[in-house]
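Read through the structure below, which is laid out as structure tokens, and then see the notes.
Whatever order the structure lists ligands and atoms in, that order sets their numbers, starting from 1.
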Amino acid sequence: MNRDTTATPVVTRVAPSPTGPFHVGTARTALFNYLYAKRVRGRFLVRIEDTDKARSTKEFEEDILDGMRLLGLVCDDMVRQSERVEQHAERLRELVAQDKAYVSREPSKSDPSVEVEVVRLRNPGTTITFHDEVRGDITFDTGELGDFVIARSLRDPLYHFAVVVDDADMGVTHVIRGEDHISNTPRQILIQQALGLPRPVYAHLPLILAQDRSKLSKRKGATAVADYIAKGYLPSALVNFLALLGWNSGSDKEVFTLDELVTAFSLDGVQKGGAVFDVVKLQWLNKQHRLMLPFEEQRNLMLSHVHGVEGVYDALSNSEAAMHDILERYATGEELRTAVDSGEFSFYERRPEVTREMLVWKKDPTPERAGERLAHIVELLQTIDGDFTTDTVREALNEYAESEGKGNVLWPMRMALSGKDRSPDPFVLAEALGTIETKARLKAAIVACS
Ligand code: GLU
């Protein structure tokens, strides 16, 4: 019997096991449960499944809860499975008393010479069909499961039993979780039936795949949410990205805030096929979300990744134009840092070594005039009496560049300032380097041309 969802307020839950850091799979499940509940003004709960004492830690629990807060997935209540031992035991006794389960003494699997006591469910062995909101009807023949074990002892229920009791006690109406749990569902339904509990609505989310369509794993790239935050991804961009891992709005819109997702989300938009974790898309989304922030905030985000690289830090904090150039080119602080570390911005750190050959534009029909032009650029820059900015520098040189041919003037200037053919334009470089350094570099280039 499916729950009558029209009458009951929706309650969803995410049930992470604190046996590892908050990873993107759990974050996606948490998000979908949050969105589904909030869309219909229902409740979104968290259950920490910490009964595996050997592998569960407080640090992982905190990492999961902190991560959820950071993403804005505020829950309405939280329970720990380990604190519900009494409730589990009571339900287990109830089943045994009704002879729906029984204590069985049998040889231990690990050491057949030892006899252990387990609790087994009396499995009626029927065919079970449940409706999955994503995949439609799913049928299992439960006969082959036999009288499966539901507890190691009357005080130590196994995972499936605890999940069923907890979901029922928490009033969970919708179980939205990863596809890897589909095969667990028939066992859980058999336990529900034995306990006379209502069946929640099920929705199993598609697997998250690495770029090569294999299973996403640490070896294929970062899987922990904290790693993405450390790389400089914005929580809002991660949320947007996670929402699109297996769901689409049915429109062309791809950039969503959390509030917009709450309005747009529905289980109808969840796909069956695996969802590829496309880092390029994540980078693009990060840029879209970052561009929504005030310039100051964007600047601080980027600067926090180049701390300690003095020349670069100074250039980017002193020049808005240089920062704008960076904001256009890089999605995250980590990308910027990688470029900086590979020397792409070495010209902000030290004066480049330039040769005559580098300074002459290859299409210049009058290469002997390169030095002369650089000297004229210096003269024109002397006429700037206000701020030395991209605009004032451009204005001072505009007419000359037009009359001499842009490439003939701007190429040697860019080379003199950066020593690179791929760099910000010479006006941005001039602003970032400042008047004294700009002129000094131009003069050094004049010497190189002579
Ligand atoms: N604890 C399970 C996990 O981390 C989730 C169980 C469930 O959602 O039913 O995968």
Problem set entry | Cation-pi geometry met for Arg28 and Phe32 (6.0 Å, 45°) | yes

For this session: Kindly check if the number of other-residue, nucleotide or ligand heavy atoms within 6.0 Å of CD (Glu395) is above 12?
Result: no

Exercise. Below 6.0 angstrom between ring centroids: does that apply to Tyr313 and His307?
Worked result: yes

Problem set entry | Test item: Ser418 side-chain N/O and Phe347 main-chain N/O as donor-acceptor pair under 3.5 Å | no

Problem set entry | Proximal atoms of ligand 1 relative to His181 (non-hydrogen, under 4.0 Å) | 2 (C), 3 (C), 5 (C), 6 (C), 10 (O)

Problem set entry | Nearest candidate to atom 2 (C) of ligand 1, where distance is taken over non-hydrogen atoms, out of Ala15, Gly178, Pro18 | Ala15

Exercise. For Arg177, is at least one N or O under 3.5 Å away from an N or O on ligand 1?
Worked result: yes

Exercise. Considering only the protein, which heavy-atom contact is closest to atom 6 (C) of ligand 1, and what is its distance?
Worked result: Tyr159 OH, 2.8 Å

Exercise. Between Thr173, Asp167, Asn33, which is the residue that forms a side-chain hydrogen bond (donor to acceptor under 3.5 Å, both in side chains) with Arg13?
Worked result: Asp167

For this session: Run the contact test for Arg13 against ligand 1 with a 4.0 Å cut-off on heavy atoms, strictly below, and give the result.
Result: yes

